[in-house]
Amino acid sequence: MNLRIRHIRRYAIFFLIMLLPACATPPAGSSPPVPPPESLSQEIIPQEIQPHDEPQETLTLNGETYIIPPPWTGNRFIAPEPDYSDFSRIPLEYTHNSSKIYVLAAVQQPLDDLLQAAEKDGIFLKVESGYRSERYQKRIFKRMLANGRTFEDIVRFVAPPGYSQHMLGTAVDFFPSDWSFAETPAYIWLQENAHLFGFEETYSQYNMMKMPWESWHWNFSGEEDLYHADTALIPTLTKMKPETRAGTE
């Protein structure tokens with residue numbers, strides 16, 4: 001009798017063990033349990049907000065659009081379209097190859113004084129370039145492109161149309177307008193004396209605009225010593241800093 005009872009108990013225990021998994025299964029239609037977060041201490045890092053890209057500065061030549069690269073980007077000059085009567089011709093004896101070169105009339109006298117002062121010191125400066133309009137600058141680029149140069153190569157050495165200080169009528173290039181000018185006595189003289197006549201080296205060796213060094217390029221600002229030019233002649237007006245224009249609110 002006792003043996004039979006033991007067998008009954010074993011069968012009962014076995015039956016209960018078989019029922020346990022079925023009891024643990026959730027009823028049909030119920031939602032599965034939500035898993036716990038990976039780490040309650042994990043910080044939620046928001047996605048970085050990307051600033052809107054500024055529109056690219058471009059130039060269109062012969063129907064082709066080119067992107068203006070650094071360091072020209074952001075340094076486009078704003079200048080009114082001058083009238084022919086606003087200009088004065090530099091005396092031929094002071095121009096390279098007796099070329100007809102013009103600057104704004106307000107710049108003519110201080111430039112003449114600078115050239116004459118240099119001559120008295122035994123420095124014979126020749127102006128190779130003066131006023132160049134934006135349209136003229138475009139012709140330069142078109143000619144170079146027609147000769148097989150790429151736009152990327154040209155802008156390494158030549159300011160794109162609208163980005164040349166020559167369009168202001170206040171800048172001159174002295175001969176020779178290349179790297180060798182920095183090794184001439186004329187360059188040393190200009191460094192020591194040009195400010196007395198209101199001229200400055202815009203693209204000096206370590207200029208803030210990070211432009212290529214142009215030792216031959218000098219611009220009349222009228223801000224130094226002897227000369228005080230009209231506010232319209234301030235040379236470094238760019239579209240990035242319109243608030244710096246003197247005489248404007």
Side-chain angles (χ1 to χ4, degrees), residues 50-82 87 90 95-104 125-184 186-187 190 199-220 234-242 244:
Q50 298 294 335
H52 295 290
D53 293 333
E54 294 185 1
Q56 291 179 324
E57 298 176 37
T58 60
L59 172 67
T60 302
L61 295 170
N62 298 327
E64 186 78 19
T65 299
Y66 302 93
I67 297 175
I68 302 297
W72 306 110
T73 306
N75 291 307
R76 183 178 178 87
F77 286 101
I78 300 174
E81 190 68 29
F87 292 94
I90 300 173
T95 65
H96 178 59
N97 289 335
S98 298
S99 302
K100 294 180 180 180
I101 301 174
Y102 293 82
V103 291
L104 285 181
L125 290 166
K126 297 289 185 179
V127 178
E128 190 170 12
S129 183
Y131 172 73
R132 297 199 304 261
S133 67
E134 184 172 352
R135 183 180 301 176
Y136 182 85
Q137 202 77 2
K138 285 184 177 180
R139 291 205 300 267
I140 294 176
F141 268 71
K142 289 179 179 180
R143 183 175 67 249
M144 290 184 172
L145 288 169
N147 290 334
R149 298 274 296 277
T150 64
F151 180 81
E152 291 74 18
D153 181 47
I154 298 172
V155 293
R156 290 175 57 202
F157 307 99
V158 184
Y163 295 78
S164 172
Q165 200 172 44
H166 287 279
M167 66 184 288
L168 302 178
T170 57
V172 294
D173 288 344
F174 292 107
F175 178 82
S177 56
D178 57 35
W179 62 269
S180 63
F181 187 81
E183 299 179 353
T184 64
Y187 178 59
L190 286 168
F199 284 84
E200 63 182 8
E201 182 184 5
T202 306
Y203 307 123
S204 58
Q205 188 171 8
Y206 304 106
N207 63 84
M208 295 180 62
M209 299 171 72
K210 297 183 179 180
M211 294 291 189
W213 182 23
E214 294 189 2
S215 58
W216 60 88
H217 180 102
W218 292 77
N219 190 81
F220 180 72
I234 293 180
T236 54
L237 298 180
T238 72
K239 75 179 186 67
M240 296 295 289
K241 299 180 180 180
T244 61

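Given the structure is predicted, the values throughout are model-derived calculations rather than measurements. Only heavy atoms go into these numbers, but all of them, side chains included; no hydrogens, no water, no symmetry mates.
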For the pair Phe174 and Val127, evaluate side chain to side chain contact (heavy atoms under 4.5 Å, CB included) and give the outcome as yes or no after the intermediate values. CA-CA 4 Å; Phe174 292 107; Val127 178; 3.9 Å; yes

Determine, stepwise, if the pair His166 / Asp173 fulfils side chain to side chain contact (heavy atoms under 4.5 Å, CB included). CA-CA 9 Å; His166 287 279; Asp173 288 344; 3.1 Å; yes

Rounded distance [0.5 Å steps], [atom1] in [X] versus [atom2] in [Y]:
X	Y	atom1	atom2	value
Thr150	Leu145	OG1	CG	8.0 Å
Phe175	Thr184	CZ	OG1	10.5 Å
Phe220	Gln165	CZ	CD	12.5 Å
Lys138	Arg132	NZ	CZ	15.0 Å
Ser129	His96	OG	NE2	11.5 Å
Trp216	Glu128	CH2	CD	10.0 Å

Can you check whether Met209's main-chain N or O pairs, donor with acceptor, with Asn207's side chain at less than 3.5 Å? yes

Can you see which heavy atom on [X] is nearest to which on [Y], and at what distance?
X	Y	answer
Ile67	Phe151	O-CE2, 3.6 Å
Trp72	Met211	CE3-CE, 3.5 Å
Leu61	Phe141	CD1-CB, 3.7 Å
Ile101	Gly130	CG2-N, 3.3 Å
Ile68	Pro160	CD1-CB, 4.0 Å
Pro212	Pro71	CD-CG, 4.3 Å

Please work out which of the three classes, parallel, tilted or perpendicular, describes the rings of Tyr131 and Phe87, given edges at 30° and 60°. tilted

Any idea how His217 and Tyr203 line up, ring-wise: parallel (<30°), tilted (30 to 60°), or perpendicular (>60°)? tilted

Give a yes or no on this: more than 12 heavy atoms of other residues, nucleotides or ligands lie within 6.0 Å of atom CH2 of Trp179. no

Could you go step by step and tell me if Ser99 and Asn97 meet the side chain to side chain donor-acceptor pair (under 3.5 Å) rule? CA-CA 5 Å; Ser99 302; Asn97 289 335; 5.4 Å; no

Would you please test Met144 and Phe157 for side chain to side chain contact (heavy atoms under 4.5 Å, CB included) and show each step? CA-CA 12 Å; Met144 290 184 172; Phe157 307 99; over 6 Å; no

Is there a side chain to side chain contact (heavy atoms under 4.5 Å, CB included) between Leu190 and Phe181? Walk through the geometry before answering. CA-CA 11 Å; Leu190 286 168; Phe181 187 81; 3.8 Å; yes

Result for side chain to side chain donor-acceptor pair (under 3.5 Å) between Tyr163 and one of Glu57, Arg76, Gln137 points to Glu57

Is there a side-chain contact between Glu134 and Phe77, using heavy atoms and a 4.5 Å cut-off? no

